[in-house]
Amino acid sequence: MSRCHQSTSAAAYASIEAAAARLERVVLKVLDQYPDGLTVDEACARADYRRYSLQPRFTALKDRGAIRDTGLRRKNESGRNAIVWRACHHDRREAQA
């Protein structure tokens, strides 16, 4: 990258980072409401977001250990089996109970 574009690139990254953090909060909020978990399609429908907006946030949250694969699968809109995701804080709450 040339030096003349560093400030605009940094600004673009900062705006994307803020949007990604907001969308991660959306995912966590909807998963918080469904302790048994949701597929990406189910979460998108309940949060009223398009799949392309939220799906990447599931990967980021999984990588950070905020959500986990329950081991369950349900059919998504395309008819394929989809991972059922669960917020990890539900596991911690249950362990404390």
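Note that the coordinates shown come from a computational prediction; the quantities given were computed from them, not determined experimentally.
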Give the minimum heavy-atom separation between Leu31 and Ala87, together with the two atoms involved.
-> CB-CB, 4.2 Å
Shortest non-hydrogen contact from Cys88 to Gly65?
-> SG-O, 3.4 Å
Minimum side-chain heavy-atom gap Asp32-His89 below 4.5 Å = yes
Those residues that, when tested against Lys62, pass side-chain contact (heavy atoms from CB on, under 4.5 Å) (two or more places apart) = Ile67, Trp85
Looking at residues at least two apart in the chain, or sitting in another chain, which of them share a side-chain hydrogen bond (donor to acceptor under 3.5 Å, both in side chains) with Arg46?
-> Tyr34
Check whether Val84 and Val30 end up in the same hydrophobic cluster, where Ile, Leu, Val, Met, Phe, Trp and Tyr are linked by side-chain heavy atoms less than 4.5 Å apart.
-> no
For Asn81, the side-chain contact (heavy atoms from CB on, under 4.5 Å) test, sequence neighbours excluded, returns Arg73, Lys75
Considering residues, nucleotides and ligands other than Arg50, do more than 12 of their heavy atoms fall under 6.0 Å from its CZ?
-> no
Would you find more than 12 non-hydrogen atoms of other residues, nucleotides or ligands less than 6.0 Å from Asp48 atom CG?
-> no
Would you please name every residue forming a salt bridge (Lys or Arg N to Asp or Glu O under 4.0 Å) with Arg25, sequence neighbours left out?
-> none
Partner set under side-chain contact (heavy atoms from CB on, under 4.5 Å) for Leu54, not counting sequence neighbours | Leu23, Val26, Val27, Cys44, Ala47, Tyr49, Phe58
For Ala60, all residues meeting side-chain contact (heavy atoms from CB on, under 4.5 Å), sequence neighbours excluded | Glu24, Arg57
Just by distance, do the side chain of Thr39 and the backbone of Ile83 share a donor-acceptor pair under 3.5 Å?
-> no
Residues in side-chain hydrogen bond (donor to acceptor under 3.5 Å, both in side chains) contact with Arg68, at least two apart in sequence or another chain = Asp91
Side chain to side chain contact (heavy atoms under 4.5 Å, CB included) between Glu77 and Arg51: does it pass, once the steps are laid out?
-> CA-CA 11 Å; Glu77 291 181 14; Arg51 181 176 173 70; over 6 Å; no
Does any N or O in the side chain of Asn76 come within less than 3.5 Å of the main-chain N or O of Asp41, such that one atom is a donor and the other an acceptor?
-> no
